[in-house]
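Just follow the structure's listing: the first ligand is 1, and inside any ligand the first atom is 1. Each residue takes its place number in the sequence, starting with 1. In this text the structure is predicted, and so the values were computed from the model without any measurement.
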Amino acid sequence: MSVATALPLPAPDALLAEAERFLRLYADEHGHSPREREARLAEVRAEVARTGSYTLRTEELAHGARVAWRGSTRCVGRLPWRSLEVRDLRHVTHPDDVFAYLVSHLHDALNGGRIRPLLSVFGPGVRLHNDQLLRYAGYRQPGGTVVGDPQNVALTRHLRRLGWAGGPGTPWDVLPLAVEGRGGVRLYPLPEDATCQVPITHPDIPALGELGLRWFALPVLGRMTLEVGGLSFPAAPFNGWYVQTEIAARNLADEDRYDALPGVARALGLDTSRERTLWRDRALVELNVAVLHSFDRAGVRITDHHAVTRQFVRFEEAEARAGREVRGRWSWLIPPVSPATTPVWHRRYRGGELPPRFVHQPPPWEAGRGEAACPFTGRQSGAAAD
Ligand code: ARG
């Protein structure tokens, strides 16, 4: 199966307007003189007039990616946005090569546990079908229950249709990657040393460790389009590090995910006969303690919701000093555990994201992939006009 790789071109005027807006921001934030800035703008206008598109310089693309992180309204961990390392892989378009670079990305981002924020930008026509590089399979059973991660049932089915034989059928089967590029879609199983996972144990409740819970060390988003200067980069996987709440209060705890709270409550010996004993809440807190403890013990970087929200306030202060407004989605910024104990609870934010930004792609198995989501998603830098 191959999905169209060349989308309609954005109108040159719209492309130029976005290119100019970004290149002005770039020049401003790098202290360029008006002369330098105008020279670059003239170069880009000429290139667009000649070819219908233009190519960002590597430093411009890297800054665009950092600014996209800085402006991500769902992200509470934006303070270190300047530290994002960007790999310019726009020359890489064959799935085999993309996969090799993805494996390097996983190794280098993990960095022996001292996780580094990293983004790899691939060339025209490349798409990753997995929404995150590291995902557990979800197998729907005849009775309707799911073995594995119920969130990934559709992805698992899609990979099966592409030819994946399926895993052993445990709740923790790591999914292969589906990489689309020149030559169609190919499947790649991940080597074990690229899929670092942390077994979850509790510092003083051994029975919690016996539940066999685990999670990946790295969150690597694979299906968001990076938009910079009117150009779109649909294959630009990136990672930061986890906040423990993402794992302990959502991925493992949600009833429609791993639904671990009843098991945790049993391990803690709680009375689950009535909601009013607050067994869910107590189990939730101990599961959060366990995830932090486990990552610390494994030497894998992770933050907690108190540290990250205080850091977010520092980010707001730094942005105010730089004369920039911080936008946010409050419901995403507050943690799902004890939100009112964090400073973000007491603040309000204006929503809306302007490019440079990251935009979710609809899954490739859904028809009519949302080219309409943005007027500038038509073209990658350097894409052949076919
Ligand atoms: N919430 C997602 C997950 O649990 C990851 C989103 C990105 N998170 C991050 N800390 N960069 O897998």
Exercise for review: Decide side chain to side chain contact (heavy atoms under 4.5 Å, CB included) for Leu25 and His63; before the verdict, give the C-alpha distance in whole Å, the side-chain angles of both, and the deciding distance to 0.1 Å.
Suggested key: CA-CA 10 Å; Leu25 174 144; His63 190 66; 4.1 Å; yes

**Study point:** atom 5 (C) of ligand 1: nearest protein contact (heavy atom, Å)
**Key:** Glu246 OE1, 3.2 Å

Revision key, fill the gap. Atom 12 (O) of ligand 1: closest protein heavy atom, distance to 0.1 Å, is Tyr242 OH, 2.8 Å

Review point. Just which atoms of ligand 1 are under 4.0 Å from any heavy atom in Asn251?
Key: 3 (C), 4 (O), 12 (O)

Review point. Is it true that Leu221 lies under 4.0 Å from ligand 1, counting heavy atoms only?
Key: yes

Check your understanding: At a 4.0 Å cut-off, with the gap strictly under it, does some heavy atom of Trp241 reach an atom of ligand 1?
Key -> yes

Revision key, fill the gap. Of Arg347, Gln311, Arg321, the one forming a side chain to side chain donor-acceptor pair (under 3.5 Å) with Glu316 is Arg347

Review point. Would you say Trp215 and ligand 1 have an N/O pair spaced under 3.5 Å apart?
Key: no

**Study point:** Any N or O of Arg135 closer than 3.5 Å to N or O of ligand 1
**Key:** no

Practice item. For this output row, return yes or no: ring centroids of Trp215 and Tyr136 closer than 6.0 angstrom. Key: yes

Exercise for review: Any chance you could measure Arg78, atom CZ, to Phe312, atom CZ, to the nearest 0.5 Å?
Suggested key: 4.0 Å

**Study point:** Region of Gln132 engaging ligand 1 - heavy atom pairs below 4.0 Å
**Key:** side chain

Check your understanding: In terms of hydrophobic clusters joined by side-chain contacts under 4.5 Å, are Phe216 and Leu190 together?
Key -> yes

Practice item. Group every Ile, Leu, Val, Met, Phe, Trp and Tyr by side-chain heavy-atom contacts under 4.5 Å, then state whether Leu159 and Val146 land in the same group. Key: no

